[in-house]
2 protein chains.
Amino acid sequence: MSKRPNTSPGKQLSSSPADELSHIPLLKILSSTDRRRVLQDLTERHYTKRDVIFREGDPTEYFHIVKEGTVKCVKSSPEGKECTLKMLMPGDLFCCDAAAFEGAFHPGTAQPMGDVSILRMNKKSYFDMLRRNPDAAIEVIKHLGTRLNEAQEKAKILALDRTDQRLASLLVDLATKNGVKDPQGIALPMRLTRQDMANMVGTTTETAIRIMSRFKRDRLVSGTATRLIIRDLARLKALASA
Amino acid sequence: MSKRPNTSPGKQLSSSPADELSHIPLLKILSSTDRRRVLQDLTERHYTKRDVIFREGDPTEYFHIVKEGTVKCVKSSPEGKECTLKMLMPGDLFCCDAAAFEGAFHPGTAQPMGDVSILRMNKKSYFDMLRRNPDAAIEVIKHLGTRLNEAQEKAKILALDRTDQRLASLLVDLATKNGVKDPQGIALPMRLTRQDMANMVGTTTETAIRIMSRFKRDRLVSGTATRLIIRDLARLKALASA
DNA sequence: TTCAAAACATGATGCGCGTCATGTTTTTTT
DNA sequence: AAAAAAACATGACGCGCATCATGTTTTGAA
């Protein structure tokens, strides 16, 4: 059996134990009969750091769920500058909007931050599921509402705050939503370079490095890309909205 | 009957002719039996320029539809700076996300740009409607998806582009989505000051004025707040993504 | 129509941050 | 373990845009 480059072939989730998917809110609320049906339509795929899950401009074909790992959602400008819109974590849905309905195209690129596994479902099965199951549709509405609020909050921060404040906001956000406890403070569960941070707050790598150096001197953070630790969340919060 | 200050009391839409609401996508897709029911739950309200429809931080109580006029969606920072996230036009939904479900608060302020009329519905009726009518839920998902894409596109522009490019993007966007034909070019259908524009692209009033003056000299636009006209959409587009 | 309040305009000044440049340290690959 | 490639670091310099200041013009209310 020949292996395709960079992405493992899709795999049926024939007999997944219930608990494997129990941490995904959308699937948890399905009736047990419907869940079996949905499991048949879902396919699991694995990606690594150098893959792209889909590219900006590609036609939309699937609805996706992050099962494991971190996925970044990126847009880029004609001149090659990049902007990272969102880090998707396990349980997050993407391409769940019906803009993906008819002949639509991906507005951004989805790229793994490391090894990830993704569940996906073709559009038809997805919308059939939503039509059969109004509570699932409401769950999707809830998720999209949250995402919209986040995106608007991000726009506000980009529009009004200085670079150091935006960076502080980012760290607070990541620590709060995804941080794991650590003897030194709060550790971020994904590899995150200064370049990644720069792309998330709309600045250059150099400026992100300078500001992070300052944060380090001031004992607000410690560590580097492979293991970044937030040491003083309170002071970062204060700086973020100063 | 005592009149409440600034807002007209709610009015039942008892016997609205079908055509009055036919331009609202969400209502158009309801079955005719359900539409009658929904009409009973909808209330019409009128607001003027100095009212607020709801304020950032208020508890969410209603689902809203813009029937007539323009509503702006604003966030503000502790220091009093403001950021306008979105102009809502007739047919647009707001607070349609289920974050408004349980004890949630408005993430921004909704403010009329002039005289507007709004249809609204309490949360329970709204979610009942969605549960009865999966196609309506999918319509809401579609709307939220569009809004999310817009918000992310806006974040990208704020993160990557210069101020004159952001302003050009804004004008292109408004002209394309809401512009009406005019002998001179494309007229924008709402009163829009340089301050409004500044708040939409994350800059100061002075800078917005300076750039708009330049655009005027270069024959890209003409007119002022009360009647702004886009005269060369193509060149504005070119500037926006240069 | 008149007057006050917004909106528009334009200059001077300074700082934040982008850009380019050069070097060190850490991580990843072979 | 060694080599290659990222990531981190720090300085010099200049432009874009915020800030403050001082008019003029337009709009809308009395």
Side-chain angles (χ1 to χ4, degrees), chain A residues 6 48-50 77 79-84 111-115 157-168 170 188 190-218 221-229 239 242, chain B residues 6 48-50 77 79-84 111-115 157-168 170 188 190-218 221-229 239 242:
Chain A
N6 286 336
T48 75
K49 193 201 255 262
R50 355 178 184 294
S77 77
E79 311 95 77
K81 290 198 281 191
E82 282 200 352
C83 160
T84 300
Q111 197 169 4
M113 295 289 290
D115 291 357
I157 288 172
L158 284 166
L160 300 179
D161 294 349
R162 282 195 320 273
T163 305
D164 58 341
Q165 297 177 303
R166 302 202 299 269
L167 197 40
L170 173 70
L188 299 187
M190 78 287 271
R191 189 170 189 281
L192 199 71
T193 67
R194 322 275 145 148
Q195 172 148 258
D196 292 326
M197 299 181 218
N199 288 342
M200 282 192 272
V201 301
T203 189
T204 58
T205 308
E206 294 91 325
T207 297
I209 288 174
R210 273 185 248 268
I211 293 173
M212 286 298 288
S213 298
R214 206 172 76 213
F215 287 177
K216 211 167 193 170
R217 271 203 306 283
D218 298 346
V221 301
S222 66
T224 167
T226 41
R227 183 168 186 77
L228 191 62
I229 292 171
L239 173 58
Chain B
N6 284 337
T48 76
K49 195 200 249 267
R50 9 183 172 288
S77 77
E79 313 96 75
K81 289 198 282 190
E82 282 201 351
C83 160
T84 299
Q111 197 170 2
M113 295 288 289
D115 291 356
I157 289 172
L158 284 167
L160 299 180
D161 294 350
R162 283 194 319 271
T163 304
D164 58 339
Q165 297 178 302
R166 301 202 299 269
L167 198 39
L170 172 70
L188 300 187
M190 78 287 271
R191 187 172 193 281
L192 200 70
T193 67
R194 320 276 143 143
Q195 173 149 257
D196 292 326
M197 298 181 219
N199 288 341
M200 282 193 270
V201 301
T203 187
T204 59
T205 307
E206 295 92 326
T207 298
I209 288 175
R210 272 186 248 268
I211 293 173
M212 285 299 287
S213 299
R214 205 171 78 212
F215 286 178
K216 212 168 193 168
R217 269 202 309 282
D218 297 348
V221 301
S222 67
T224 165
T226 40
R227 182 166 186 78
L228 191 63
I229 293 171
L239 174 57

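All chains are named by letter (A, B, ...) in the order of the sequence lines, taking the proteins before the strands, and each is independently numbered beginning at 1. These values consider heavy atoms only, across backbone and side chains, with no hydrogens, waters or symmetry-generated copies.
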Worked check of side chain to side chain contact (heavy atoms under 4.5 Å, CB included) between R166(A) and T163(A): CA-CA 5 Å; R166(A) 302 202 299 269; T163(A) 305; 3.4 Å; yes
Candidate pair I229(A) and S222(A), rule side chain to side chain contact (heavy atoms under 4.5 Å, CB included), full reasoning: CA-CA 5 Å; I229(A) 292 171; S222(A) 66; 3.8 Å; yes
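- Counting atom types as modelled, R210(A) pairs a side-chain N or O with a base atom of dG11(D) as donor and acceptor under 3.5 Å.
- The separation between D164(A) atom CG and dG18(C) atom P is 12 Å, rounded to whole Å.
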Test log, rule side chain to side chain contact (heavy atoms under 4.5 Å, CB included), inputs I209(B) and T207(B): CA-CA 5 Å; I209(B) 288 175; T207(B) 298; over 6 Å; no
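- Minimum atom distance to the side chain of T193(A) is reached by dA7(D), of the listed dA7(D), dT10(C), dA9(D).
- Rounded to whole angstrom, the span from the CD atom of Q195(A) across to the C1' atom of dA9(D) amounts to 15 Å.
- Within 4.0 Å (heavy atoms only), T205(B) reaches no atom of the nucleic acid at all.
- If you take CE on M212(A) and CG on L192(A), they are separated by 8.0 Å, rounding to the nearest 0.5 Å.
- Here K216(B) does not reach the OP1 or OP2 of dC8(C): none of its side-chain N or O atoms lies under 4.0 Å away.
- The listed nucleotides are dC20(C), dC8(C), dA21(D); the one nearest the side chain of E206(A) is dC20(C).
- Atom-to-atom, CE of M212(A) to C1' of dA9(D) comes out at 13 Å; the value is rounded to the nearest Å.
- The distance from atom CD1 of I209(A) to atom P of dG11(D) is 13 Å, rounded to the nearest whole Å.
- D196(B) and R191(B) are not joined by a salt bridge, as no carboxylate oxygen comes within less than 4.0 angstrom of a charged side-chain nitrogen.
- In this entry the distance linking CG of D161(B) with C1' of dC17(C) reads 16 Å, nearest Å.
- If you take CZ of R214(B) and C1' of dC17(D), they are 12 Å apart, rounded to a whole angstrom.
- Looking at heavy atoms from C-beta onward, R214(B) lies in side-chain contact with D164(B) at the 4.5 angstrom threshold.
- For R194(A), no side-chain nitrogen or oxygen approaches OP1 or OP2 of dA7(D) to under 4.0 Å.
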Chi angles and distances behind the side chain to side chain contact (heavy atoms under 4.5 Å, CB included) call for K49(A), D115(A): CA-CA 6 Å; K49(A) 193 201 255 262; D115(A) 291 357; 5.6 Å; no
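- Residue T163(B) places at least one side-chain N or O under 4.0 Å from the OP1 or OP2 atom of dC17(D).
- At whole-Å resolution of the value, CZ in R217(B) and C1' in dC8(C) are 14 Å apart.
- Rounded to an integer number of Å, the gap from CG of L192(B) to C1' of dA7(C) is 12 Å.
- Ranking dA18(D), dG18(C), dT10(C) by closeness to the T204(B) side chain, first place goes to dA18(D).
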Nucleotides 23-30 of chain D: protein proximity per nucleotide (B base, S sugar-phosphate only, - neither; heavy atom, under 4.0 Å): ----SSS-
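- Residue T207(B) places at least one side-chain N or O closer than 4.0 Å to OP1 or OP2 of dA18(D).
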